[in-house]
*Asks:* 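Structure below; questions to follow.
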Amino acid sequence: MRKILLVSVVAALVMIMAACGSNNDKSGNANNTPAENTGTAAANEIVIKASNWKFDQEVYTIKKGEATTISFKSDGVHGVEIPDLQVKLTDGKSKDVTVNDAGEYELHCDIPCGTGHSKMIAKIKVE
Ligand SMILES: [Cu+2]
């Protein structure tokens, strides 16, 4: 009689542990979402284009707290610098940034490129 009781208790324990085990497997899978970890490349991109003597937009908008690739293309000898974001690019280059503070950041041409050089100013808007 005692033996039967013991066996059923052990059986019940085994079932409980098995249930716990499968629960752990599920949460383990949930923690293992490597898809998000491998996605380190910036999901967002803006392209800044320069020509004589302007940028193609007055304001470039990027999302706060999200990795963003800033790419630069230039017709003519221009560069782009965004001092507050430590970005300095020449034609064909790009840099990934993540900006956590909303606001406006000045960008300008950083290569003395002629008569219109001082007008080559635009903004990065982070929101
Ligand atoms: Cu310039």
Side-chain angles (χ1 to χ4, degrees):
M1 196 59 185
R2 264 194 200 164
K3 212 168 193 179
I4 290 169
L5 193 66
L6 192 68
V7 166
S8 58
V9 166
V10 168
L13 276 176
V14 166
M15 283 171 71
I16 288 165
M17 285 171 75
C20 285
S22 66
N23 281 347
N24 285 344
D25 282 350
K26 271 182 202 162
S27 64
N29 285 342
N31 289 338
N32 279 342
T33 46
E36 286 186 29
N37 291 337
T38 52
T40 48
N44 307 295
E45 181 177 21
I46 59 166
V47 180
I48 299 169
K49 292 178 185 165
S51 59
N52 291 343
W53 277 271
K54 59 185 174 61
F55 293 102
D56 67 330
Q57 292 181 43
E58 289 179 13
V59 178
Y60 302 87
T61 304
I62 68 175
K63 288 182 187 162
K64 181 181 140 184
E66 292 191 15
T68 303
T69 302
I70 297 177
S71 298
F72 180 62
K73 293 199 165 74
S74 178
D75 267 343
V77 184
H78 304 289
V80 67
E81 181 175 21
I82 313 166
D84 292 337
L85 302 184
Q86 284 82 48
V87 171
K88 202 170 156 71
L89 301 170
T90 53
D91 184 28
K93 302 287 190 216
S94 61
K95 184 175 182 184
D96 290 351
V97 298
T98 302
V99 187
N100 293 315
D101 295 321
E104 293 186 341
Y105 299 82
E106 191 208 83
L107 71 87
H108 58 255
C109 176
D110 67 337
I111 298 175
C113 54
T115 53
H117 174 65
S118 61
K119 291 184 205 159
M120 292 190 67
I121 293 171
K123 280 176 188 166
I124 299 285
K125 190 174 181 185
V126 179
E127 61 182 16

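Residue numbers count from 1 along this sequence. Just so you know, ligand 1 is whichever comes first in the structure, and atom 1 is the first atom listed for that ligand.
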*Asks:* If the cut-off is 2.8 Å, does any N/O/S atom of I111 fall short of it from the Cu ion (ligand 1)?
*Replies:* yes
*Asks:* Mind checking whether the Cu ion (ligand 1) has an N, O or S of C109 under 2.8 Å?
*Replies:* yes
*Asks:* Does H78 bring an N, O or S atom to within less than 2.8 Å of the Cu ion (ligand 1)?
*Replies:* no
*Asks:* H117: which N/O/S atom is nearest the Cu ion (ligand 1)?
*Replies:* ND1
*Asks:* Does I111 offer a backbone N or O that forms a donor-acceptor pair with the side chain of H78 under 3.5 Å?
*Replies:* no
*Asks:* Taking atom NZ of K95 as the centre, does the number of heavy atoms from other residues, nucleotides or ligands within less than 6.0 Å exceed 12?
*Replies:* yes
*Asks:* Are Y105 and V87 close enough, and set up right, to give a side chain to side chain contact (heavy atoms under 4.5 Å, CB included), and what steps lead you there?
*Replies:* CA-CA 11 Å; Y105 299 82; V87 171; over 6 Å; no
*Asks:* Kindly say whether S74 contributes a backbone atom to a donor-acceptor pair with the side chain of D91 at under 3.5 angstrom?
*Replies:* yes
